Amino acid sequence: MSVAVAADFQDVRGREYRWTHDAVYLNAASWGPLPERSRRACEQFERHRQRGLLRDADLVLVQDQARQALARLIHAQSTEIALMPNTSAGLNLAAHLATLRARPGRRTIVLSDREFPANVYPWLALRKQGFHVRFVPTRAAGQPDEDALAEALEQPGVIAFSYSFVQFSTGFRGDLARFGRICHDREILFVVDAIQGLGAVPLDVQACRIDVLACGGQKWLCSPWGTGFAYVRADLCTRLEPYLPGWLAFQANQDFTRLVEYDATLRADAQRFELGSQPFQSCGALAESVQLLLALGVERIYRHNLALQDRIVSWAAARDDVEVVSDQSARSGILCIRPSAAVAAHAALLDAHVTCAFREGAIRLSPHFYNSASEIEQVLVTLERVLAR
Ligand SMILES: Cc1ncc(COP(=O)(O)O)c(C=O)c1O
């Protein structure tokens, strides 16, 4: 049975993604394509710059728009948003903030094994400062073992827990509310790498009691490379200081007419963690993309993606040569499948102009709001052709 796609989703596809006739793009988990409106926003900004029409206020405006849209997306205040060039910058910030909260006898950082490396190396680097990283093994199928993680967090000595909202190689959606409660009760810094979920799966940082969240704009937010952000809970913004102080992090430098007074009072919001000038031309595009997601509604985008995936899951269930790798009780925008001839099947999809990834032995399909039901049928026709050989 084919999937019904809401009229406004079809409209947006027609307006923002005219190229979709040429290719089937099922790879938002690698990077999301820029909507037309965001591409135009970048172009217009650069055109203004070329003509000498940009003012300081224009630079402030695009950043504010981006912070406000991102704050709405995660149910935060815009003063809790620091613009960052990627996820790694936010995770390194989180690791630094964890060191500021270290206390005698509390130097353990808990991670799930098989996390994406961006959420591993900043923590491993802390070993030089006497911290200890405890990896909790995954379950046999490679999904995080959330009961074992909860147990690890209940051991003495834990200072921080950093966890992906959605795992990159399986699409497993973490139970953030559960870990937010545990971390809050035990005063453990709760850090979330949100890049594989945000924009495709609803997230409320307050309900999940997240302390620091890091997210690049390039995947499910369909934004330019070089954009991203960190959410830092309000009370941490006033208590913790940046490791790398940028000149715009200081209150006095909001006034460009008196820059050399060097008053070392930091801003009282998350902007104290920003590091100087931003990719301003891209901030407007980030704002446009996130506003588009908000207009469609992330809850609806999630349901749309799951409906597209349902078609593949039920197709696979009727066959004995395709395994569904993604845990169906913790779903996200990512669906991983392993057909019997997985490498050949992936190559056939690429030949048929279906863009998708191959990760840890499985085909990773990551549909987003611009994908249609007929595109999913194209995928299945291609897979059936390979499997019939
Ligand atoms: C879970 C996860 N974190 C982080 C990243 C990327 O980090 P960055 O934005 O720093 O390149 C990826 C994928 O590229 C990822 O899957």
Side-chain angles (χ1 to χ4, degrees), residues 26-34 66 70 73-74 81-96 109-125 135-136 138 142-144 149 160-176 179 190-201 203 210 212-231 244 273-275 278-279 282-283 285-286 289-290 325-327 330-336 355-360 362-368:
L26 293 172
N27 204 23
S30 292
W31 58 80
L34 271 192
L70 292 164
L73 187 68
I74 60 171
I81 305 292
L83 297 174
M84 295 274 149
N86 50 37
T87 322
S88 300
L91 289 169
N92 275 282
L93 167 64
H96 163 67
I109 291 126
V110 171
L111 300 177
S112 176
D113 199 7
R114 302 178 70 88
E115 281 279 342
F116 190 82
N119 188 29
V120 175
Y121 288 105
W123 304 106
L124 291 183
F135 285 100
V136 174
T138 56
Q143 332 276 15
L149 283 167
F161 172 48
S162 189
Y163 193 37
S164 282
F165 180 19
V166 169
Q167 296 292 320
F168 79 101
S169 63
T170 58
F172 183 93
R173 176 176 42 79
D175 186 349
L176 301 187
F179 291 111
F190 184 29
V191 179
V192 172
D193 172 346
I195 194 172
Q196 285 296 6
L198 206 60
V201 186
L203 175 62
I210 294 167
V212 183
L213 173 147
C215 185
Q218 69 268 33
K219 297 184 192 286
W220 301 89
L221 300 185
C222 298
S223 296
W225 278 288
T227 63
F229 73 103
Y231 156 82
L244 300 170
F273 301 114
E274 292 183 358
L275 194 57
Q278 298 288 341
S282 301
C283 289
L286 168 67
S289 293
V290 175
V325 174
S326 299
D327 185 332
R331 301 174 76 187
S332 68
I334 295 176
L335 176 69
C336 296
T355 305
C356 57
F358 194 77
R359 293 285 182 276
E360 312 296 319
I363 296 175
R364 186 180 71 180
L365 303 166
S366 43
H368 208 348

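In listed order, ligands and their atoms are each counted from 1. Note that the structure is predicted; figures quoted are calculated from it, not measured.
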- Evaluation steps, side-chain contact (heavy atoms from CB on, under 4.5 Å), between Phe229 and Leu213: CA-CA 8 Å; Phe229 73 103; Leu213 173 147; 3.7 Å; yes
- Message: I'd like to know whether Asn86 forms a side-chain contact (heavy atoms from CB on, under 4.5 Å) with Ile195, so could you lay out the CA-CA distance, the side-chain angles of the two residues, the decisive distance to 0.1 Å, and finally the verdict.
- Response: CA-CA 9 Å; Asn86 50 37; Ile195 194 172; over 6 Å; no
- Query: What is the closest protein heavy atom to atom 10 (O) of ligand 1, and at what distance does it sit?
  - Reply: Ser88 OG, 2.6 Å
- N/O separation below 3.5 Å, Gln196 to ligand 1: yes
- Item | Proximal ligand 1 atoms for Ser164, defined as those under 4.0 Å from one of its heavy atoms | 1 (C)
- Do Asn119 and Ser162 have a side chain donor and acceptor closer than 3.5 Å? yes
- Message: Closer than 4.0 Å to some heavy atom of Ile195 - which atoms of ligand 1 meet that?
- Response: 1 (C), 2 (C), 3 (N), 4 (C), 5 (C), 9 (O), 12 (C), 15 (C)
- Starting from atom 6 (C) of ligand 1, locate the nearest protein heavy atom and write down its residue, its atom name and how far away it is, to 0.1 Å. Phe116 CE2, 3.8 Å
- Item | Any side-chain heavy-atom pair of Glu115 and Tyr163 under 4.5 Å | yes
- Query: Which bit of Ala118 gets closer than 4.0 Å to ligand 1, counting heavy atoms only: side chain, backbone, both or neither?
  - Reply: side chain
- Can you pull out the closest protein heavy atom to atom 14 (O) of ligand 1? Residue, atom name and distance to 0.1 Å, please. Lys219 NZ, 2.8 Å
- What protein heavy atom sits nearest atom 11 (O) of ligand 1, and how far off is it? Gln218 NE2, 3.7 Å
- Would you call Asp193 a ligand 1 contact, heavy-atom distance under 4.0 Å? yes
- Using a strict cut-off of 4.0 Å, indicate which atoms of ligand 1 neighbour a heavy atom of Phe168. 16 (O)
- Task: Assess Glu115 for proximity to ligand 1: is some non-hydrogen atom of it under 4.0 Å away?
- Result: no
- Item | Side chain, backbone, both or neither: the part of Gln167 lying under 4.0 Å from ligand 1 by heavy atom | neither
- Tell me, do Pro144 and Gln167 make a side-chain contact under 4.5 Å, heavy atoms counted? yes
- Quick one: does Ser289's side chain get under 4.5 Å of Leu221's, heavy atoms only? no
- Item | Top protein contact for atom 9 (O) of ligand 1, by heavy-atom distance | Thr87 OG1, 2.7 Å
- Heavy-atom check, side chain of Phe116 versus side chain of Thr87, under 4.5 Å: no
- Euclidean distance, Leu34 CG relative to Ser282 OG, rounded to 0.5 Å: 8.5 Å
- Task: For the residue pair His368 and Trp220, categorise the inter-ring angle as parallel (less than 30°), tilted (30 to 60°) or perpendicular (more than 60°).
- Result: perpendicular
